[in-house]
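Just so we're clear, the structure is a prediction, and the values are computed from it rather than from any experiment.
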2 protein chains.
Amino acid sequence: MTKVTIRHVAEEAGVAVKTVSRVVNGEPNVTRDLRDRVERAVEKLGYVPSMAARRMGGSRSYMLVALNDRRNTINNWQSGRGNDWIDQMLHGAMLMCESHGYRMLFELVDAASQDLDRRVVAILSALQPDGLILTPPHSQNEALVQMLLRRNVPVVRMGVPGHGLGVGVHMDDRAAAFEATCHLIDLGHRRIGFIAGSERFAASEARRRGYLDALAQGGLARDESLEAPGDFTFESGLEAASTLLSRDTPPTAILASNDEMALAVLHAAPRFGKTVPGDLSVISFDDTPGIRLSVPALTSIRQPISEMASRAAELLIAASRDGPVEAKDHILPFGLIVRGSTAPPAA
Amino acid sequence: MTKVTIRHVAEEAGVAVKTVSRVVNGEPNVTRDLRDRVERAVEKLGYVPSMAARRMGGSRSYMLVALNDRRNTINNWQSGRGNDWIDQMLHGAMLMCESHGYRMLFELVDAASQDLDRRVVAILSALQPDGLILTPPHSQNEALVQMLLRRNVPVVRMGVPGHGLGVGVHMDDRAAAFEATCHLIDLGHRRIGFIAGSERFAASEARRRGYLDALAQGGLARDESLEAPGDFTFESGLEAASTLLSRDTPPTAILASNDEMALAVLHAAPRFGKTVPGDLSVISFDDTPGIRLSVPALTSIRQPISEMASRAAELLIAASRDGPVEAKDHILPFGLIVRGSTAPPAA
DNA sequence: CTGAAAGCGCTAACAC
DNA sequence: GTGTTAGCGCTTTCAG
C-alpha cells in the first residue's frame, strides 16, 4: 500500500518533479533522454497520478458529471423495468471518458426539486468537474442552463436542441416521427392514431409535429380524435389505446411516443378484437431492450443515446483543453427498426 | 463561479478554519454558539467542501469504487439487451452512498486481462477510494482478492461467498435452485431438466447443487441426461433446449440458470410441439426486466442485487469510519416470483 | 529546456 | 473548547 507519488518517480529518474509532471501530461520541452528516463521510472514504480492532487494543484479535474432526474431514474430501477437511458448514457460517456483518461460520475437530482439550482451547485462545488452533461428533463430547463452558463460551467444539453443557449446534442425527433408515420402511410394506412408523450419533455411536441408533417405530406387530413394524450406510462398507454380503439372508425395503425405505451397498445388490442399487426399496426419510440421480446416484437425508432452521450463527453473534454465549446447543436441520426408489429392494413 | 472555501466560512463566522471543519464533519468539541454561527455562515455562503481537498488533507476520500467486468458490461450495452445487474447495483450502491455523503464511481476492467492486478492498482492509485466493491467474476478471483487484502484495500465481494477471504455479500444460490426445483416437484413434475450456467461463475455450480438437492429430497433419481451445459447466452440455451427436448422421454419442466437461456427454451419449445406451460414448465434465474414481457411471462428467481450492493456500500462506509470490516458473509434473501411459465404437467 | 518554490482546500496533530 | 501549523501530491509560475 506504499503510495507512489510524483516525488518517488522524480528521485528514481533523477529529475525534478516538474519534469515528471511534464512527461506524464505529454507537455513539450523535454529532451528524449529525460523523457525516456522518466517513463522508465513511471513504469518501474507503477506510478499513476492521484486525481485528487491533480484537481488541487491544477485547473482540471479530469472528471465529467452527468446529471439525471432522480425520481425517474429511481422509479425505473425500483420497478425492475430496467433503465435503458441510463445504460446507454453510461455506455457512450464512460467509454469516451476512458479513452481520454477521464472519469464519469453520474449524479441524481430531482428535476422537480424546489432548490434545484442549489443542489446542482452543491454537486459542482463538491466535485468540481470539468464539464456537466445534462439529460432530460434537466437539459430543457432553461433557467438551470442559464444559471450554469452564467457560472461558466461547461455544459452540454443532451436530448434537446440548445437553441443557442449552450450546446445541444440530440436527434431530430420531428423527423423521426415523420419517418415512422411515413412508414405506416407507405404500408397503406390511412387512419393513423398517435399517442403523445408527457408534456414535461420537449421531444413529445416534436414527435407530434413530425406525425402531423407526415399526414400533411401524405395528403391525409388531420383528425384530432385520432390523437390521444399520454405520459409515457403503461397505464396512460392503456387508456389512450382504449380511447382510440373504441371509436366507430378506429385507426388501423398507431404511433406511440414510447415503447411502454406501445406495449400497452399491444396489451389492449385483443380486448377490441384486434390482432397485431393483422388488424392494427404499432410503432413505438425508444427501442428499449424489452420490445424484442414482446409478441409481436415492436417496430420502433431507435434513439442514438450512447452516441449522444459519447459526443457530449467528447465536446466537454475538448473544451477543457481548448476552451469553451461552440454553442451549436449536434444532430445525430436515429434509426427506424422494422420488426413484426407493422404490416399493411387488412383489405 | 467564485469558489467558496472553508476559509471564507471561517471569516464569515469569525472562527478558525478548524472549527468550521469540525462543524461540517459533525465532530465533537464545539459549543452550541459557535456551531450555530458556523452553520449559518455555511448556509449563507452555500459552502460545500471540495472532495479533492478532503482527500488530500485527510485520510478519507468519501468515495467508493465498484468494479465490473468490462467485456460483459460492454457486450450487454452494445447488444441493446440492457444491463440489469449494473442498473440494480447502481441503484443499491448509489443511494446508500448518497445517504452518507459518499460518491460511487463505477469502473470497468476486463476480468480476462493479462495485467488485471496492475489495472486495478492503477484505479486505486488514481482514485484512492475508501473501499472497493467487487462484482462477479472479479469477486471470485481469489488471487485478486488476496492482492487487495495484502494492500489493505477494504473490499466487499458481491455475489459470492467470501469463504473467510474478505467479506462476501450474496444470496444462497444453492437454496434458490433448491426452492425453484421444489416448486416444480410440488406441481407434480418428475422429469425436470436443468440447464447449467457458465463455469466462469461460481454461482453456476451452486445452482446445480441446489437442483440435485431437491431431486434427492423429492425422491427422484438423478438422470445426467437431463442436465445440459450452458453459458448464459441465448444460443447456448437454444442448444440445451434442443438436446433436452429431443430425448425419447423429454422433461416436463426445465430449470434454466438464467433468464436468457429460459427465453431460449420458450423459443425452442414450439419446434418440439410443446406449449408452455401446458406441456413444459420453465423457471429461470435472475428476474431481469424483459421476462415480464415474454409469452408466457417467466417464473423466476430474483437476485437481491440492489440489496447486496446497498449492503456492500454500507459495510465499506462503516469500515472507513470504524476500522476494518469483519471478514464474514452476509446472505441476503432471494425471491421466487411465480408467473405464467410454470404449471402442473399434462396428465 | 529544466528546476525551485508557492500554493490549491482541506484535515491531523498539536498547542493553547 | 478552540486555534495554529504543517503537510497531502500535484500544477502553476517564474527563475535559471
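Here D:dT2 presents its P atom at 13 Å from CZ of B:Arg32, a figure rounded to the nearest Å. Remark: C1' of D:dG1 and CG of B:Asp36 are 15 Å apart, rounded to the nearest angstrom. The CZ atom of B:Arg35 sits 13 Å away from the P atom of D:dG3 (whole-angstrom rounding).
A salt bridge links B:Arg70 with A:Glu98: at least one charged nitrogen is closer than 4.0 Å to a carboxylate oxygen. Between A:Lys44 and A:Glu39 there is no salt bridge, since none of the side-chain N atoms of the basic residue sits less than 4.0 Å from a carboxylate O of the acidic one. Look at B:Arg7 and B:Glu12 and you find no salt bridge, because none of the NZ, NE, NH1 or NH2 atoms lies under 4.0 Å from a carboxylate O. A salt bridge does not link B:Arg119 to B:Glu107: none of the charged side-chain nitrogens sits closer than 4.0 Å to a carboxylate oxygen.
Using a 3.5 Å distance cut-off with no hydrogens or angles, the side chains of B:Thr31 and B:Asp33 do not pair a donor with an acceptor.
Between B:Lys3 and B:His8 there is no side-chain heavy-atom pair separated by less than 4.5 Å.
A:Arg54 forms a cation-pi arrangement with A:Tyr62, by the criterion of a distance under 6.0 Å to the ring centre and an angle within 45° of the ring axis.
If one axis is set at each end of the helix from C:dC1-D:dG16 to C:dC16-D:dG1 from five pairs, those axes are 40° apart, to 10°.
Here CD1 of B:Ile74 is found 7.0 Å from NE2 of A:His91. Values are rounded to the nearest 0.5 Å.
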Output one letter per nucleotide in nucleotides 6-16 of chain D: B when a protein non-hydrogen atom lies under 4.0 Å from the base, S when only the sugar-phosphate is that close, - when neither is.
-BBBBBBB---
